[in-house]
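Here the structure is a predicted model, which means the values were calculated and not measured.
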Amino acid sequence: MFKKIVAIDNVGLNKWGENELQNYSKEVKLYYDTPQDNSEIIKRIEDADCVLVSYTTNIDKEVIENCPSIKYIGMCCSLYDEKSANVDIPCAKEKGITVLGIKDYGDEGVVAYTVSELLRLMHGFGQSQWKARPSELTNEKVGIIGLGTTGYMVAKALQAFGADIYYYSRTRKPNAEAEDMKYLPLHDLLKTVSILSTNLNKNTVLLYEDEFKAFGHGKILINTTLGPTFSVEALKNWLNNGDNYYLSDGAGIMNCGELRELKNVIVVDKVSGSSYQCTERLSKKVLDNIKNYLSNSL
């Protein structure tokens, strides 16, 4: 067992998940707001040997070095690589701290958001309408940047509505190409498609002035990545100089809230991967990581 578990922000566990934490520590302390700075994070951690954190808070070198009791950091959010993590994993490794994250828990919610928002905008079911007349996804050229689990699920859902799917990814996906998802280099894809969905790791920016110039006007960009996948200034220019739309959920607007005030920006103030079922999957994966860590530590 741990001596003390602290969730330093709202990590999104369901009630049964919070209750189960009691089985793995003599003391459990849960916070539901986001700490404002490192001093507050350090104060919350105190002498805890197990720290849980969501994607909204960073645990950097300063925090780790000032909290010598930490043995385990559980990221209650996606962990794909060290670069995109909100925990300084190299520093943690140097201190002998185990860092475990999760993935593939909120994808279904992202798919539902993407499909629903595109249909609302294209058909004019909401306050805005993309073109002069309502339009369908049928034969519409849609580009997916990042064909991991989420990107692939989005692509399959849009295919079901008749969309013609193109993708760009760090690696080619033969299985996807066998399902008529066509690979193109980034700039070729941008010149080809009219709708673009970015499904990338956090802190991955691929779209700058040249990319938006290649994408052109009368287009839709939809983003559900944790934070921007673009230069904010480049996006602003693209929105101001053409009849374009930017769609985002609460995750995609993170760290670029000023975009809310711009023309043709439609933000849904919900994290799309936060349905009841998503939090069930998150809770199970977080608890499984804790159980596996403790089992391997015996």
Side-chain angles (χ1 to χ4, degrees), residues 78 104-126 128-131 133-201 204 206-207 211-212 214-226 229-230 243-252 264-268 270-275 277-278:
S78 297
D104 301 340
Y105 61 92
D107 307 289
E108 289 82 356
V110 172
V111 174
Y113 163 79
T114 301
V115 172
S116 66
E117 287 304 294
L118 282 177
L119 293 180
R120 282 172 58 81
L121 179 59
M122 296 178 72
H123 285 267
F125 293 152
S128 301
Q129 185 171 290
W130 180 30
K131 296 180 178 179
R133 297 186 62 186
S135 58
E136 302 175 354
L137 278 164
T138 307
N139 298 325
E140 201 70 62
K141 291 181 171 62
V142 178
I144 309 290
I145 298 183
L147 204 69
T149 301
T150 305
Y152 174 77
M153 289 175 66
V154 168
K156 288 294 292 181
L158 298 181
Q159 269 189 331
F161 284 87
D164 190 11
I165 300 295
Y166 298 80
Y167 82 94
Y168 170 76
S169 183
R170 289 179 296 181
T171 57
R172 296 285 290 267
K173 310 293 183 182
N175 291 341
E177 290 174 26
E179 298 181 77
D180 201 27
M181 299 180 193
K182 296 167 279 291
Y183 172 84
L184 286 175
L186 180 58
H187 275 238
D188 291 340
L189 178 141
L190 294 171
K191 293 174 182 178
T192 300
V193 303
S194 54
I195 298 169
L196 186 66
S197 173
T198 53
N199 306 272
L200 299 167
N201 293 344
T204 304
L206 293 181
L207 304 177
E211 284 70 34
F212 280 111
F215 193 25
H217 299 300
K219 306 294 183 69
I220 300 172
L221 170 62
I222 185 165
N223 177 42
T224 55
T225 303
L226 294 177
T229 54
F230 45 78
D243 191 15
N244 303 309
Y245 282 88
Y246 175 59
L247 308 181
S248 173
D249 71 343
N264 291 353
V265 172
I266 301 173
V267 177
V268 173
K270 288 182 178 290
V271 175
S272 55
S274 63
S275 66
Q277 291 87 348
C278 292

Euclidean distance, I266 CD1 relative to Y246 OH, rounded to 0.5 Å: 12.0 Å

Any side-chain to backbone donor/acceptor pair from W130 onto G218? Under 3.5 Å, distance only. yes

Please name the pair of heavy atoms, one in A214 and one in H187, separated by the smallest distance, quoted to 0.1 Å. CB-ND1, 4.0 Å

Can you sort out the partners of D180 under side chain to side chain contact (heavy atoms under 4.5 Å, CB included), two or more places apart, ordered by chain and number? Q159, K182

With sequence neighbours excluded, tell me which residues meet side chain to side chain contact (heavy atoms under 4.5 Å, CB included) with N244. H217, K219, W238, L239

Please list, chain by chain and in numerical order, all residues satisfying side chain to side chain contact (heavy atoms under 4.5 Å, CB included) with S274, sequence neighbours excluded. V271

Once rounded to the nearest 0.5 Å, what's the spacing between atom CD1 of I145 and atom CZ of R170? 13.0 Å

V193 vs L184, test: side-chain contact (heavy atoms from CB on, under 4.5 Å). Steps then yes/no. CA-CA 11 Å; V193 303; L184 286 175; 6.0 Å; no

Is it true that a side-chain atom of S194 and a backbone atom of K141 form a donor plus acceptor pair closer than 3.5 Å? yes

Run the side-chain contact (heavy atoms from CB on, under 4.5 Å) test on L196 and I222 for me, step by step, so that the C-alpha distance in whole Å, both residues' side-chain angles and the decisive distance to 0.1 Å come before the verdict. CA-CA 6 Å; L196 186 66; I222 185 165; over 6 Å; no

With the side chain counted from C-beta on, respond yes when T138 and F161 share a heavy-atom pair under 4.5 Å apart, and no when they do not. no

Going through the checks in order, is the ring-ring contact (aromatic ring centres under 6.0 Å, His included) test met by Y152 and Y167? CA-CA 9 Å; Y152 174 77; Y167 82 94; 9.9 Å; no

Rounded distance (nearest 0.5 Å) linking atom CZ of F215 with atom CD1 of I195: 8.5 Å

Looking at every non-hydrogen atom in both residues, tell me the closest pair between M181 and L147 and how far apart they are. SD-CD2, 4.3 Å

Note: V154 and S197 closest approach over all heavy atoms is CG1-OG, 4.2 Å

Might you point out which heavy atoms bring R133 and Q129 nearest each other, and give the distance in Å? C-NE2, 3.4 Å

Which heavy atom of T224 sits nearest to which heavy atom of S272, and what is that distance? CG2-OG, 4.2 Å

Nearest-0.5 Å distance, OH of residue Y168 to CG of residue L186: 5.5 Å

Applying salt bridge (charged side-chain N to carboxylate O under 4.0 Å, His left out), can you list everything that pairs with E177, at least two apart in sequence or on another chain? R172

Is any side-chain heavy atom of V142 closer than 4.5 Å to one of Y166? no

Who are the side chain to side chain contact (heavy atoms under 4.5 Å, CB included) partners of P185, not counting sequence neighbours? Y183, D188

One should read off an interatomic distance between F230 CZ and N223 CG, to the nearest 0.5 angstrom, of 5.5 Å

Taken to the nearest 0.5 Å, the spacing of I165 CD1 from I144 CD1 works out to 5.0 Å

If I compare all heavy atoms of L200 with all of L206, which pair ends up nearest, and what's the gap? CD1-CD1, 3.9 Å

Determine whether D164 and E140 make a side-chain contact, defined as any pair of heavy atoms from C-beta on separated by less than 4.5 Å. no

Would you say that L158 contacts L118 through its side chain, given a criterion of any heavy-atom pair below 4.5 Å between the two side chains? yes

Expected list for residues 104-117: side-chain donor-acceptor pairs under 3.5 angstrom, two or more places apart:
unit_1 : atom_1 : unit_2 : atom_2 : d
D104   : OD1    : T149   : OG1    : 3.3
D107   : OD1    : T150   : OG1    : 2.3
E108   : OE1    : R281   : NH2    : 3.0
Y113   : OH     : S248   : N      : 3.0
Y113   : OH     : S248   : O      : 3.1
Y113   : OH     : D249   : N      : 3.3
T114   : OG1    : V110   : O      : 2.9
S116   : OG     : A112   : O      : 3.0
S116   : OG     : Y113   : O      : 3.0

Quick one: do L221 and L247 satisfy side-chain contact (heavy atoms from CB on, under 4.5 Å)? Show the steps, please. CA-CA 6 Å; L221 170 62; L247 308 181; over 6 Å; no

